[in-house]
> 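I have a structure here, written as structure tokens, and I will follow up with some questions on it.
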Number of protein chains: 2
Amino acid sequence: MTDGRFYPEMATSGNRGDVGVTVGLNAIVVAVTGDVPRILTVRRPLEIADHPLDSNEAETAPEHSGDGALGGREGVPFGPLDPVADRTLELGLRRWLAEQTGIEVGYLEQLYTFGDRGRVAPVGNRFLSVAYLALTREVEVSGSGAPIWAPWYSYLPWEDWRDGPPAILGKHIFPALQDWIASASTDRSWAQRHERAQIAFGLGGTPWNRNRVLDRYELLFEIGLVAEAVPGTDSASTHGVEIGRPMALDHRRIVATALERLRGKLSYRPVAFELLPGTFTLLRLQQVVEALSGERLHKQNFRRLVEQNRLVERTGDIEVRTGGRPAELFRFRREVLRERPAIGVVIQRGRLATETHNG
Amino acid sequence: MTDGRFYPEMATSGNRGDVGVTVGLNAIVVAVTGDVPRILTVRRPLEIADHPLDSNEAETAPEHSGDGALGGREGVPFGPLDPVADRTLELGLRRWLAEQTGIEVGYLEQLYTFGDRGRVAPVGNRFLSVAYLALTREVEVSGSGAPIWAPWYSYLPWEDWRDGPPAILGKHIFPALQDWIASASTDRSWAQRHERAQIAFGLGGTPWNRNRVLDRYELLFEIGLVAEAVPGTDSASTHGVEIGRPMALDHRRIVATALERLRGKLSYRPVAFELLPGTFTLLRLQQVVEALSGERLHKQNFRRLVEQNRLVERTGDIEVRTGGRPAELFRFRREVLRERPAIGVVIQRGRLATETHNG
DNA sequence: TCAAAAGTGTTATCCTTACACCCATGT
DNA sequence: ACATGGGTGTAAGGATAACACTTTTGA
């Protein structure tokens with residue numbers, strides 16, 4: 001009964017000669033400390049491949065002959081799927097994440113499956129990563145992977161607008177974009193490049209769209225401002241300008257995908273509360289939302305909207321150590337899930353000037 | 001240089017004994033004919049496995065000993081990833097989709113990766129499907145897969161509210177939900193079931209949320225109103241009540257995932273235009289949006305909002321064969337992509353009564 | 001006393017929603 | 001004539017965004 005049948009799905013998708021597909025699971029684990037959004041990273045020097053493995057793909061000669069150049073870069077935690085023990089992908093991920101980092105995450109959501117050729121894989125094998133987004137409160141981590149909490153925006157510094165437009169935009173990114181647009185060979189290509197840059201980075205009248213994280217990352221990658229440690233892409237091709245902290249393999253792309261997804265969800269699902277303890281002040285909630293959206297919010301209206309949407313309820317308790325007047329502690333009102341078709345935190349941009357006007 | 005290295009990602013994720021992972025690609029190809037949303041389906045009798053293959057999973061004895069019971073059910077098109085020829089997953093999918101159905105899709109977006117154990121796989125292998133959502137205008141299809149355009153809501157009839165609440169809700173679904181809630185063994189479990197049903201199906205004051213397609217499907221699956229043809233789930237367990245047309249394997253779940261994603265995108269990305277020809281009347285646009293959202297919209301306001309958001313521009317041409325007054329033809333204004341951070345079609349629910357008031 | 005944070009009140013504007021009504025064509 | 005679909009006007013109500021101001025603590 002378990003043999004002798006013909007299963008085309010299997011038969012056609014599997015091997016071709018000795019080339020197969022290998023599958024792994026990645027987790028982008030997010031927490032917020034104060035106003036710093038962090039992701040969990042590990043250093044896995046052995047995992048890094050800095051040379052093309054599929055020799056068809058080797059278009060440029062590798063410049064680093066040793067293994068030091070890219071070795072030791074951090075990446076997001078990775079774990080195998082145990083085809084026998086793990087009933088679902090999600091359970092498999094929870095299992096090895098607990099083993100490697102000691103974290104029991106709450107919220108977990110599948111993000112994307114990365115499978116372009118050129119990802120690391122031995123002897124021509126294809127390597128697939130199913131990436132998950134996990135939200136947690138920041139906790140002590142320890143385990144075989146030697147995990148650390150790294151500031152998310154250290155990898156994507158152009159995404160943090162909380163203190164105004166990031167300096168790196170004017171200094172490196174905009175000039176590079178202009179060059180890239182100007183160097184188009186045809187009018188049509190010029191127009192296409194111009195439009196892409198406008199949409200992704202909000203040039204010339206087009207507003208900056210905080211959600212287009214992946215568009216921005218991919219454009220920067222194309223013009224060579226961020227490098228990925230994948231075969232066929234020599235990190236020296238960035239001409240000496242390398243913005244943001246690099247990561248192993250294509251992990252920075254995964255991390256950008258996670259930020260885009262999370263920013264998108266923020267406004268229509270109450271995900272921010274997954275990053276907070278059971279009770280919190282409204283300032284803490286605002287800090288979390290600001291940290292993730294990368295924008296400063298208007299304090300008074302934020303509070304009013306959160307309260308009048310009945311996202312939270314008073315606990316009656318008071319937080320004393322605020323640095324100012326004691327603040328009331330709130331908790332998330334689960335009932336909103338029932339009351340409203342889609343509910344999240346309103347993201348209304350605010351200016352630094354609107355903080356307070358004493359005097 | 002291509003050998004002798006240690007690649008932990010590969011080494012740890014691959015085989016354990018002789019158990020491996022097999023990967024395939026699925027496409028949910030969507031088109032709208034008139035007011036009927038359709039998906040492309042194929043019949044692949046050979047692919048169907050109606051018995052547990054991983055013997056650990058066999059919890060109930062199979063009742064159908066032949067191969068006739070589930071064989072011949074339709075499914076969404078499937079194709080293999082060619083690890084050698086296909087540079088990216090997306091290109092691989094485009095390749096075999098063209099081969100099998102003759103379709104060259106435009107819009108293509110990765111949907112989800114399905115990998116629970118229990119999916120079809122020979123000799124205990126794990127089977128992974130990376131599913132994609134594709135949008136196209138309805139075109140002639142032909143090819144090795146014998147593809148046909150099937151009405152989407154024939155699989156998920158409770159999702160079509162265009163002519164009021166679907167009869168199947170009151171007739172089968174609500175009673176079954178009530179039973180399920182009532183049969184909870186503890187107060188806590190009762191409350192949880194009650195809340196889930198409220199959120200998914202909008203019972204008792206909670207509004208129906210058109211976007212929660214997957215919540216609804218999964219709840220129906222859990223209470224046994226829809227069956228999946230996977231090992232460990234006997235289709236007879238639905239006690240004779242089986243709502244909606246069944247599909248092979250877990251393809252109905254994939255189809256529900258696609259509908260949820262598409263409904264979500266509708267309001268913040270201009271995806272509806274991918275399903276329309278270059279020029280169209282506003283009624284056609286409205287029909288497409290209604291078909292996908294499953295709701296009737298308010299005609300006058302729909303038109304006003306589409307126009308004042310400058311989503312479309314006049315072509316000057318006139319469509320004569322409307323059945324009524326000739327209508328102006330419009331085209332999508334690509335410039336909105338630059339002008340607005342997020343733009344889609346406003347979904348404002350309308351009542352049948354608001355159509356016209358000739359008196 | 002002052003900085004820092006918590007909180008309240010008020011207003012103009014825009015968007016959403018609803019309703020009423022007229023126009024042009026085919027049968 | 002009337003059914004069908006195209007198309008315009010307008011007004012109430014609510015959400016948004018901006019601004020001004022008061023309160024309570026710790027250093």
Side-chain angles (χ1 to χ4, degrees), chain A residues 34-35 207 267-268 279-287 290 295-312 314-330 340-359, chain B residues 34-35 207 267-268 279-287 290 295-312 314-330 340-359:
Chain A
D35 61 354
S267 48
Y268 69 95
T279 67
F280 45 83
T281 67
L282 293 182
L283 180 64
R284 287 292 299 127
L285 176 60
Q286 184 173 351
Q287 283 175 334
E290 287 179 341
E295 289 181 341
R296 206 52 79 179
L297 305 181
H298 187 285
K299 186 173 86 171
Q300 296 89 328
N301 289 345
F302 177 83
R303 285 157 180 264
R304 192 192 337 272
L305 289 169
V306 164
E307 288 194 82
Q308 86 186 20
N309 282 337
R310 306 197 54 202
L311 269 165
V312 296
R314 308 180 122 74
T315 62
D317 295 335
I318 300 289
E319 165 86 30
V320 180
R321 321 239 72 248
T322 62
R325 171 174 167 175
E328 211 166 337
L329 285 164
F330 290 79
R340 305 228 167 190
I343 191 72
V345 161
V346 178
I347 301 204
Q348 174 194 352
R349 206 142 164 187
R351 303 282 302 110
L352 298 171
T354 60
E355 289 305 298
T356 36
H357 301 272
N358 286 340
Chain B
D35 61 355
S267 48
Y268 70 95
T279 67
F280 46 83
T281 66
L282 293 182
L283 180 64
R284 286 291 298 126
L285 176 60
Q286 183 173 348
Q287 283 175 332
E290 288 180 342
E295 289 182 341
R296 206 53 79 178
L297 304 182
H298 187 284
K299 186 174 86 172
Q300 296 90 326
N301 290 343
F302 177 82
R303 285 158 180 264
R304 192 193 335 272
L305 289 169
V306 163
E307 289 194 82
Q308 86 185 20
N309 282 337
R310 305 197 54 203
L311 269 165
V312 296
R314 309 181 121 72
T315 62
D317 295 334
I318 300 289
E319 165 89 27
V320 180
R321 322 238 72 251
T322 60
R325 172 175 167 177
E328 214 166 337
L329 285 165
F330 291 79
R340 306 227 165 190
I343 191 74
V345 162
V346 179
I347 302 203
Q348 175 193 351
R349 205 142 168 190
R351 304 281 302 110
L352 297 171
T354 60
E355 289 306 298
T356 37
H357 303 272
N358 287 339

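Order of the sequence lines sets the chain letters (A, B, ...), proteins ahead of strands, with each chain counted from 1. Bear in mind the structure is a predicted one, so any value in this text is a computation, not a measurement.
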> Nearest-Å distance, CD (Glu328(B)) to C1' (dT25(C))?
16 Å
> Tell me the interatomic distance from Gln308(A), atom CD, to dA17(D), atom C1', rounded to whole angstroms.
12 Å
> Rounded off to whole Å, could you give me the CD-to-P distance for the Glu319(A) and dA4(C) pair?
18 Å
> Are Glu307(B) and Leu282(B) packed together at the side-chain level, in the sense that at least one heavy-atom pair is separated by less than 4.5 angstrom?
yes
> Figure out the CG/P separation between Leu305(B) and dC14(C), and round it to whole Å.
16 Å
> So, the side chain of Glu328(A) versus the backbone of Arg314(A): is there a donor-acceptor pair under 3.5 Å, distance only?
no
> Quick one: Leu329(B) CG to dG6(D) C1', roughly how many Å, whole number?
12 Å
> Between atom CD of Gln308(B) and atom CG of Asn301(B), what is the distance when rounded to the nearest 0.5 Å?
9.5 Å
> Mind checking whether Thr281(A) and Leu329(A) have side chains closer than 4.5 Å, heavy atoms only?
yes
> Tell me, please, which residues at least two apart from Arg284(A) pass side-chain hydrogen bond (donor to acceptor under 3.5 Å, both in side chains).
Gln287(A)
> Which nucleotide in the set dA6(C), dG7(D), dT16(D) lies at the smallest distance from any side-chain heavy atom of Lys299(A)?
dA6(C)
> Quickly work out the Ile318(B) CD1 to dC23(C) P distance and round it to whole Å.
17 Å
> For the pair made of CG in Leu282(B) and C1' in dG6(D), what is the distance, rounded to whole Å?
9 Å
> As a test of reading the structure: which of dC19(C), dA5(C), dT8(D) is closest to the side chain of His298(B), going by heavy atoms?
dC19(C)
> Round to a whole Å and report the spacing from CZ of Arg303(A) to P of dT16(D).
18 Å
> Any N/O pairs under 3.5 Å between the protein and nucleotides 9-13 of chain D? List them or say none.
residue	atom	partner	partner atom	Å
dG9(D)	N7	Arg304(B)	NH1	3.4
dG9(D)	O6	Arg304(B)	NH2	2.9

> Taking all atoms of both residues into account, what is the closest heavy-atom pair of Leu297(B) and Glu290(B), and its distance?
N-OE2, 2.9 Å
> I'd like a table of atom pairs between the protein and nucleotides 24-27 of chain D - only N or O on both sides, under 3.5 Å - with the distance next to each one.
residue	atom	partner	partner atom	Å
dT24(D)	O2	Arg325(A)	N	3.4

> At their closest point, which heavy atom of Val306(B) faces which heavy atom of Leu285(B), and how far apart are they?
CG1-CD2, 4.0 Å
> For Leu311(A) and Phe330(A): C-alpha separation, side-chain torsions, deciding distance, then whether side-chain contact (heavy atoms from CB on, under 4.5 Å) applies.
CA-CA 10 Å; Leu311(A) 269 165; Phe330(A) 290 79; over 6 Å; no
